*Asks:* 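After the structure tokens below, expect a handful of questions from me.
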Protein chains: 2
Amino acid sequence: MPTLEDVARRAGVSTATVSKVLSNTPYFTEATRNKVLLAVKEIGYVPNLAARALSSGRTQIIAVVFPYVYDAIFADPRILCVLEGIDAECNLRGYNLLISTPRLIEGSVDENYLQLIQSGYLDGVIALNHVPFASILDPVIKKGIPAVSIGGPPSVCSVSSDHHAGGVLIMEHLLELGHQRIGIITVPDSINTGTEQLLQGIQDAAQAGGLDFNSLPKAVGDYSTASGADCAAQLLQQHPDLTALLCLNDRMAMGALQEAHRLGLRVPEQLTITGYDDIPAAATTVPPLTTINQRSLTTGYEASRMLFELLNGQKPESKIIPVELVVRGSSAPPARR
Amino acid sequence: MPTLEDVARRAGVSTATVSKVLSNTPYFTEATRNKVLLAVKEIGYVPNLAARALSSGRTQIIAVVFPYVYDAIFADPRILCVLEGIDAECNLRGYNLLISTPRLIEGSVDENYLQLIQSGYLDGVIALNHVPFASILDPVIKKGIPAVSIGGPPSVCSVSSDHHAGGVLIMEHLLELGHQRIGIITVPDSINTGTEQLLQGIQDAAQAGGLDFNSLPKAVGDYSTASGADCAAQLLQQHPDLTALLCLNDRMAMGALQEAHRLGLRVPEQLTITGYDDIPAAATTVPPLTTINQRSLTTGYEASRMLFELLNGQKPESKIIPVELVVRGSSAPPARR
DNA sequence: AAGCAATAGTTAAACGCTTAACTCTATACC
DNA sequence: GGTATAGAGTTAAGCGTTTAACTATTGCTT
């Protein structure tokens, strides 16, 4: 492979000149610039990134980190949308995307991940920081690598969804439709930093609507479709008079939908079911899900932008991405009885 | 950050010794080995990957390449499963995963991608090579980087699903149920290298069952759920006597399901619908989809394994991953009339 | 005419690691 | 006793860039 020196020899200049011309340093005549560029073209020179990295300390690599908590982390469509937003930005700026999925062992991350962070291979890190107990970003910050957190605590630069507003929106929607007997399909407390805010939003809206949140029946799932079905079964058996199920994510809502179908309950005529996240599949269930859209693409995009600002030495503000109520076919006024 | 030299000084040996001990080169006494290891621990030394890469020519980075053909490539759950398989293997062996999504412009890849390939940053490449017209792997092979192709032509090391068998399985299933009036929801010719084999399998099974494949009504979608709904509408309008819709992927099948529901057709009692891929969502539709599972996780896993064999100087055989018929609730014998 | 700034380019050290080639025992063999 | 040989470690030359420090030329002030 041709090196800087080959280019320099061919162009009749020094390697420093070539290097500087290629990085757009000023103070070169058009003639020199062209000579160099021509030589580059002619011999098909491409810079060696490892050498550049060693010399300059910058690698052009951004790591996207999402801890491996549940089994199939890659199966979460939300993560993928975020990734797509990040990828688009990085591609534009010529950065490469490395993905790291640290295994969490008893609350601390694995050795591989630690080594990667310390290795000097990363210019920046974007972490899907939804795991409160494991401090994915700690080693990153200690090492002084620019980092932005998605959905994490605002201690560092972060971009998160306005889950409180999401909770309010979905609960208000149910109340406006006239629902009062609402079952909640939730998840274990604080498995996810966003969940608290979401629940708080739901509670606030309930309160505002004159409904006692604490007395609403609840079932605890684990985000999976199967658990959604189980929870729905359990709630509907214990409280046959429920007119709506509010689910904390779309996958569980899809499970609830399945269960309703199995029980012969028509949705939304006899039972309203709502989700949260607006994953692609939510639009294609029968009936399609009423849910909250988190603008995952935007989230990814904003996270990248913030990271690049950090890389430019700026100090961007943490950002909260607004959410949006998406009303589809799975919600309707409760049946009169 | 501490360097090799710091470790060497502290352990009272040369940098060469440290380097060799850390890479498990033989011919060192336990004493020396321990001295070095201790020093490493004490000062918290972590090797600088860029320096290592420059010096050794190996970066410990594997790129997973999937071209950006349709808009939301990351939305394809199949890709994610494959990625998960790859990630698991790479994680195990201490390799890092870089993802590259080259933009295809008029059949050729973008400059960024080309530069990345030539940059010496990659030890190996795994390409989701489902795009026949763009030779994603050409520059990789020209550069001499070990590469394996998923679903691509067997010109290089490749791992692909047995789509022919998949086609046979799904068609046989329909025939065994007693369907004869089958509509096919397909995609444009050879947009995907696997599709041909799949269609061939369907055709062969039809033939074997005494059905003329060419006379079966067909509609052309684009893999999306929406297009599946459109195709279903079109087919059912023109051929109201169809008892089954065979869809070339799950997303289109889900669209067909929606459309059937809209038309008031009960699935599977009045209309059988089958998919292909077995994406996670396929198990949670109402009714759940009968489909073909491609073992995407295994595919990813095998691809990594082959790549590591290549990296070890071996010459692995291309592999064909068997597929599996998954019978769920969306298929049943045709209604008697 | 001297001094200075701006322009245009060069030299060479440094980045942190790997590894081929080498040295220096200590043991084994004939 | 001389010569291989294997073991244990060192020396130093790269790997291909970037970049601080330097030189040299030109044009402009004063």
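Residue numbers begin at 1 in each chain, while the letters A, B, ... track the order of the sequences. These numbers come from the heavy atoms of this one structure, side chains and all, not from hydrogens, waters or symmetry mates. What you see is a predicted model; the values in this text were computed from it and never measured.
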*Asks:* So, the side chain of K143(B) versus the backbone of Q118(B): is there a donor-acceptor pair under 3.5 Å, distance only?
*Replies:* yes
*Asks:* Could you tell me whether a side-chain N or O of N96(B) sits under 3.5 Å from a main-chain N or O of I61(B), the two making a donor and an acceptor?
*Replies:* no
*Asks:* For the side chain of N91(B) and the backbone of A88(B), is there at least one donor-acceptor N/O pair under 3.5 Å apart?
*Replies:* no
*Asks:* I would like to know whether V65(B) and I99(B) meet side chain to side chain contact (heavy atoms under 4.5 Å, CB included); could you show each step before the answer?
*Replies:* CA-CA 6 Å; V65(B) 176; I99(B) 62 184; over 6 Å; no
*Asks:* Counting only non-hydrogen atoms, which of residues 11-48 of chain B are less than 4.0 Å from DNA chain C?
*Replies:* A16(B), S19(B), K20(B), Y45(B), P47(B), N48(B)
*Asks:* Between the two end axes of the helix from dA1(C)-dT30(D) to dC30(C)-dG1(D), each built from 5 base pairs, what angle do you get to the nearest 10°?
*Replies:* 50°
*Asks:* Hey, could you give me each pair passing side-chain hydrogen bond (donor to acceptor under 3.5 Å, both in side chains) that has a residue in residues 33-48 of chain B? Not counting sequence neighbours.
*Replies:* R10(B)-E42(B)
*Asks:* With distance as the sole test, does S56(B) use its side chain to make a donor-acceptor pair with the main-chain N or O of R52(B) at under 3.5 Å?
*Replies:* yes
*Asks:* Donor-acceptor pairs under 3.5 angstrom involving side-chain atoms of residues 304-312 of chain B: please list them, not counting sequence neighbours.
*Replies:*
{"from": "S304(B)", "atom 1": "OG", "to": "G300(B)", "atom 2": "O", "distance (Å)": "3.0"}
{"from": "R305(B)", "atom 1": "NH2", "to": "E309(B)", "atom 2": "OE2", "distance (Å)": "3.4"}
{"from": "N312(B)", "atom 1": "ND2", "to": "F308(B)", "atom 2": "O", "distance (Å)": "3.4"}

*Asks:* Using the side-chain contact (heavy atoms from CB on, under 4.5 Å) rule, pick out the option among T17(B), T25(B), N24(B) that qualifies with V21(B).
*Replies:* T17(B)
*Asks:* Of all heavy-atom pairs between T59(B) and A53(B), which one has the smallest distance, and what is that distance?
*Replies:* CG2-CB, 3.7 Å
*Asks:* Please identify the 5'-most and 3'-most nucleotides of DNA chain D with any atom under 4.0 angstrom from a heavy atom of chain B.
*Replies:* dG7(D) to dG16(D)
*Asks:* Of all nucleotides in DNA chain C with an atom under 4.0 Å from a non-hydrogen atom of chain A, which is the first and which the last going 5' to 3'?
*Replies:* dT7(C) to dG16(C)
*Asks:* Sub-3.5 Å donor-acceptor pair from the side chain of Y113(A) to the main-chain atoms of I136(A), do we have one?
*Replies:* yes
*Asks:* Is R58(A) reaching over with its side chain to a backbone N or O of D123(A), donor-acceptor style, under 3.5 angstrom?
*Replies:* no
*Asks:* Using a distance-only test with no angle check, is there a side-chain donor-acceptor pair under 3.5 angstrom linking S296(B) and T299(B)?
*Replies:* no
